Amino acid sequence: MLTDPQDHLAHQFPLEGELRPTFSGLSDFLHRVEDMIVKELAKNAKSHAFDGFDVNWEDQNETVSCKHRLQHLVAQEKGLHVTSISWSCTGSVIACAFGRVDDGDWSAEKSCVCTWNLDRRGLNPKRPNTVIDVARPVMSLSFHPTSPSLIAGGLYSGEVVVWDTNRTQDPVLAQTGMSTDAHREPVYQVAWVPGQRRGEMLVLSAGSGGRVLLWTVDGGSLVLSAGYALVRQQVPHNSSLSKGRGSSNVGVTSLALSPWDSDTFLVGSEGGLVLKCSFSAQELAAAPPDGESVALRAPAQFSFSPRGGPVHSLHYSPFHRNLFVSVGTDGLARLHSLLQPDPLLSLRVSDSYLFGVRWSPTRPLVFAAATGQGLVQIFDLGRKSLRPAATMDQLTSGQPAYCMEFNPCQTDLLAVGNADGSVNIWHLSTELTEQGHRETAQLEQLANEVAE
Amino acid sequence: MCAEVEETLKRIQTHKGVIGTIVVNAEGIPIRTTLDNSTTVQYAGLLHQLTMKARSTVRDIDPQNDLTFLRIRSKKHEIMVAPDKEYMLIVIQNPSE
């Protein structure tokens, strides 16, 4: 089993030992207050004075309700699916990308990216505030973490684009174009990551060609800054998977950045692999060079136990540095510790595929999963029962729910993007959003369990 | 002298449910702590301000009175502040542990 390096760090302030300055009167002061403090601490530990005492600072919301049902009729008429959604950093704007997730050659299909400002008066759910026409289906979307008008998108063709919604004439700020550096296959994930310089943000893109690429915005172009290639032969502990069949590229279907460690990221693949990767990996990738301007590196460092089908979504816990959850076509939500290959917990969410999973930003034990039957199931790991704490029907007549994102500012809002081209904005109940008394401790306990 | 200070703080810190112990000087600057840097700085600054406000509230109501102890009960913890002329002791306890 791996050890957690954080255990060895001591937190002492200021310095230990003889270098500590002495303060006159400190010893006397502590002597004076010690008895009183210890007496109060002991009384507190035994007291029942506050048992069951709750204060309602906020309005209590008893139910889960659908606040808005956003639709873009033009995209719906073309049968486009919502492939990805993203909230702006201010939490006021929701953007959705249209594309196709099912099998078929969609390379010639025109699509768009739409945004709605939910805080603006006169919101018309059937009329987006912005519509950006895109020549090809958009598979992934991500708002810039600090500039509310910039959105990065990954296309079916492998291109990566950054749009600026403030520009009325041509919203394209920068793009990769079809250069030799670009992906050749659909880009399923885009994200913004901090660069070397202060305030600099790079665009990260990952796709089914097995490439994870980092781009800088330079004039009207996205210039390749660093790149990684995932190749079957370089996946650690890969004895269980057959070698040499089909392409040696590991197609990336999902990616998660760690909020705890800026060097680590997780990758989920088409073949069911879940890999822990590092941005600072030095080993060169065993992929044949294809005219790229930077040398591609092999980022995978650790393999978690593989799943029986594509891994559609991964998410790090915002409350515990070693926990993440993954979902895929096997209908299971798996809770993993970064320290061991086998999952801590496998929850049967649905008989259908699972397309998205997100931890609650406010309740450590709660996560939501989007199913292929058009439901979003919310689970509370603090409950004894393994049945969902809430089920939200996306009203898509059984078509899948593909993506979900919690609003970063109004954390009781959850947006869900569906195959029928609609985006539903849900308002969660207080019970699902207000952190319980001992939740962080319970999560810690869960994380420390060893899988049987 | 130094060892006595450490022993006293250790006795308090190891008491049931205590999450952290901080000693702050008259300027609100932490001089001893069992928590990490950033958490310590946050607690010290905010509680120093609050304690001064609590003290002036007590004295405004009755100039012959003075603050002796401050307790803040929140959903997750109880924060106890023992104020004094030169120093302030902050103890954070999770009472239900």
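Here is how names work: the chains are called A, B, and so on, in the same order as the sequence lines, proteins then strands, and each is numbered from 1. All of these numbers come straight from a predicted model, not from anything done at the bench.
- For CZ of B:Arg11, the number of neighbouring non-hydrogen atoms (other residues, nucleotides, ligands) closer than 6.0 Å is greater than 12.
- Taking chain B as the reference chain and counting heavy-atom pairs below 4.5 Å, the highest number among A:Thr440, A:Asn44, A:Val55, A:Leu30 is found for A:Asn44.
- The environment of CD in A:Glu200 is crowded: more than 12 heavy-atom neighbours from other residues, nucleotides or ligands sit within 6.0 Å.
- In this structure, a donor-acceptor pair under 3.5 Å is present between the side chains of B:Thr33 and B:Thr40.
- For A:Glu434, the part lying near chain B is the side chain, with the backbone staying farther off; criterion is any non-hydrogen pair under 4.5 Å.
- With a threshold of 4.5 angstrom between heavy atoms, A:Val38 approaches chain B through its backbone and through its side chain.
- In this structure, chain B has no heavy atom under 4.5 Å from any part of A:Ala441.
- A salt bridge does not link A:Asp261 with A:Arg321: none of the charged nitrogens is closer than 4.0 Å to a carboxylate oxygen.
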